[in-house]
There are 2 protein chains.
Amino acid sequence: MAEPVTLRDVAQRAGVHPATASRALNPETRPLVNEETARRVLSAAGELGYRPNAVARSLRTKRSMTVGVLIPDLRNPLFPPIVRGIEDRLAPDGYVVLIGNTDLDTDREQMLFERMRDRNVDGCILTTAQLRGSLLAEAAQSGLPVVLANRLAEEYSFPSVSVDNELGIKMVIGHLTELGHRRIGYVAGPQDVSTGLSRYQGFITSMEAAGLSADPDRIVFARAFSVEEGRRCCQELLASRPPCTAIAAGNDMLAVGCYAALDDAGRSCPDDISVVGFNDMPFVDRLRPPLTTVAFPHYQLGAEAAELLLDRMAGDGHPVKVLYLAPHLVVRGSTAAPAG
Amino acid sequence: MAEPVTLRDVAQRAGVHPATASRALNPETRPLVNEETARRVLSAAGELGYRPNAVARSLRTKRSMTVGVLIPDLRNPLFPPIVRGIEDRLAPDGYVVLIGNTDLDTDREQMLFERMRDRNVDGCILTTAQLRGSLLAEAAQSGLPVVLANRLAEEYSFPSVSVDNELGIKMVIGHLTELGHRRIGYVAGPQDVSTGLSRYQGFITSMEAAGLSADPDRIVFARAFSVEEGRRCCQELLASRPPCTAIAAGNDMLAVGCYAALDDAGRSCPDDISVVGFNDMPFVDRLRPPLTTVAFPHYQLGAEAAELLLDRMAGDGHPVKVLYLAPHLVVRGSTAAPAG
DNA sequence: TTGTAGGCGTTATCAC
DNA sequence: GTGATAACGCCTACAA
């Protein structure tokens, strides 16, 4: 196959000691070595096709130039742009991304986090942490640089980037009430995840602020941010009396589930019932009907999280930053004035 | 912060030599050590919360329990299920996944592949290789276990999993001709990628087999598998005379682009023009109109690729396997009989 | 400016 | 069955 070229090989060819070769090859220490010598080393390295062994370097320097990214499920269209934003911000600095899907399963989260730590990652971006899971405790205690993306922690202080969920929901309720809706149902996401909780709280607050009752009969809790759960919850809502004229969903996946339930029940959106989502996932503008939803810049959220992580890893004692991205409402075809 | 527990710490606490502790901790070599001693070591490790340092181990053993996955762009909904399938198949065996988005850019491909090799990955899954790019040459020469997913190599022999693209296109043409279409346009994907090329070839072959002419005026080549390119190509097709009554697209992204171009032009799908995609990406069943397309099991494709890679990494001299998954046509609302 | 030496945490190969 | 030793490839005081 192929014989790996090591620093010794380069040094030998350049006629210098490996230590000198190391210094010449490393931009940081290059000034320490004679220009001419450095040139010889560099060209020897080039000719041999030398690539430093990142593992050996990592063992020595305690830096792996690798970061871990934990997400619930890549198949949720919300996450690909976030991951992409992370990678794009990190790649120019030489980092590479380890990815792990957790399914919001505590054990799996734990396992993946440990595997990443074992591999000496320089930092982690979590979009996955349960509000009070042991993962956050472990992360905090480990001293590993950790940044939260699209999530907030209750009890620990991590840098984070997220959306102003309350504000987003407020926009949703504002839009629906303007259209004339009064009986608004809510499909809430899991309450042990910060996005689920804060949007739910935002719903309650906004409804009350609008002088409407957040009737518990018109609130259903999904066990996961999934299409299937959205469908189930919507079915329940359809049975409530008097019926809702609009449904707000904790995220777009749940909203798509509502579409499915409405189809099943032979109800039309928005003629019979309006539906609003949250996230503005890719392609929801092309659903039938196009989904009215709360948008925020996903890619940028990832990029910002990466930026925070870089700060953190540089360890310049920056204070812990908590960033909020502004949401905005995108009105499309899934909302209309109530029928009556 | 936290003091990392090393093998020496465990050994010391168990009152044995580090080498013995190592043997006791490793299932493979445990039989070599006294049961009682092993027990002591294990419990010492447990009490201290010992986790072996994967980097050090990797330096020594030349295995990193890490595999690299290169894809064009995670934001193309085709890839998340594939990546997920890969991870799920690999995780039980202790592997972790490094991911890289290449945008089909040769330099970026190269860079990411090298970074992964530097980190001593045990293998790579490529869904991204240009047909004749230097990446494949480098991969072949490196001796690193490499598997192709959703791609085929022209000049090298790699294990691979892909769809039978010719067959898929044949189904598309069969469906359209049955509906009565004769003037069928084609939005071809990039020809330097195997999926683009084989589907294009399949189109030509199928058209001829159906006794139709594959008129060059009704074939447009996209420079990328993107919505934007699909839109552009469809615009061109709309200008051809006599006009097509149906458009087949090289993949779903291009088909979505066709939707956009039709919207722009005020043409209706399927009333004015039928559109067919390829891939059955998630959510295309919920587009407006639901997209008729060629489906295949994405998740399973990833899982199979991972399986092939595991074989390869085990190095049991298996012959090179080339796997094809059967496609099937999913007829939805975007196709209908031609207007006239 | 360059060479020497030691060690990062493991595991493999010896001896005992 | 266990301990000693060396080495994986690199970096970095320190000495020259």
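A note on names: the letters A, B, ... follow the listed sequences, proteins ahead of strands, and every chain is numbered from 1.
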Kindly say whether [Y] contributes a backbone atom to a donor-acceptor pair with the side chain of [X] at under 3.5 angstrom?
X        : Y        : value
B:Asp192 : B:Gln130 : no
A:Asp122 : A:Ser64  : yes
A:Arg23  : A:Arg30  : no
A:Arg119 : A:Arg115 : yes

>> When the axes are fitted on five pairs at both termini, how much does the helix from C:dT1-D:dA16 to C:dC16-D:dG1 curve, in 10° steps?
In response: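 Result, rounded to 10 degrees: 40°.
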> Can you find a heavy atom in the side chain of B:Asp88 that is under 4.5 Å from one in the side chain of B:Tyr299?
Replying inline: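 Yes. Closest side-chain heavy atoms under 4.5 Å.
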>> Students often get this wrong, so: under 4.0 angstrom with heavy atoms, is B:Ser22 touching a base, only sugar-phosphate, or nothing?
In response: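 Base, at least one base atom sits under 4.0 Å.
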Qualifying residue for side-chain contact (heavy atoms from CB on, under 4.5 Å) with [X], from [options]:
X        : options                      : value
B:Thr102 : B:Leu135, B:Thr128, B:Leu126 : B:Thr128
A:Val41  : A:Asn34, A:Val16, A:Leu7     : A:Val16
B:Tyr50  : B:Leu25, B:Leu42, B:Asp9     : B:Leu25

> Looking at A:Glu36 and A:Arg39, does any basic side-chain N land under 4.0 Å from a carboxylate oxygen?
Replying inline: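 Looking at A:Arg39 together with A:Glu36, the answer is yes, because their closest N to O distance falls below 4.0 Å.
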>> Closer than 4.0 angstrom, basic N to acidic O: yes or no for A:Glu87 and B:Arg108?
In response: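 So A:Glu87 pairs with B:Arg108 through a salt bridge.
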> Which whole-number value in Å describes the distance from B:Asn26 CG to C:dG9 C1'?
Replying inline: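 Distance, rounded to whole Å: 14 Å.
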> Rounded to the nearest Å, what distance is computed from the CG atom of residue B:Leu48 to the P atom of nucleotide C:dG9?
Replying inline: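 In whole Å, C:dG9 P lies 15 Å from B:Leu48 CG.
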>> Using a 4.0 Å heavy-atom cut-off to protein, can you give one letter per nucleotide of nucleotides 1-8 of chain C, 5' to 3': B if the base is in contact, S if only the sugar-phosphate is, - if neither?
In response: SBBB-BBB
>> Distance under 4.0 Å to a non-hydrogen atom of chain A counts as contact; along DNA chain D, which nucleotides mark the start and end?
In response: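 Boundary nucleotides touching chain A, in 5' to 3' order, are D:dG9 to D:dA13.
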> At under 4.0 Å, does any side-chain N or O of B:Arg57 touch on OP1 or OP2 of C:dG9?
Replying inline: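 No, outside the criterion.
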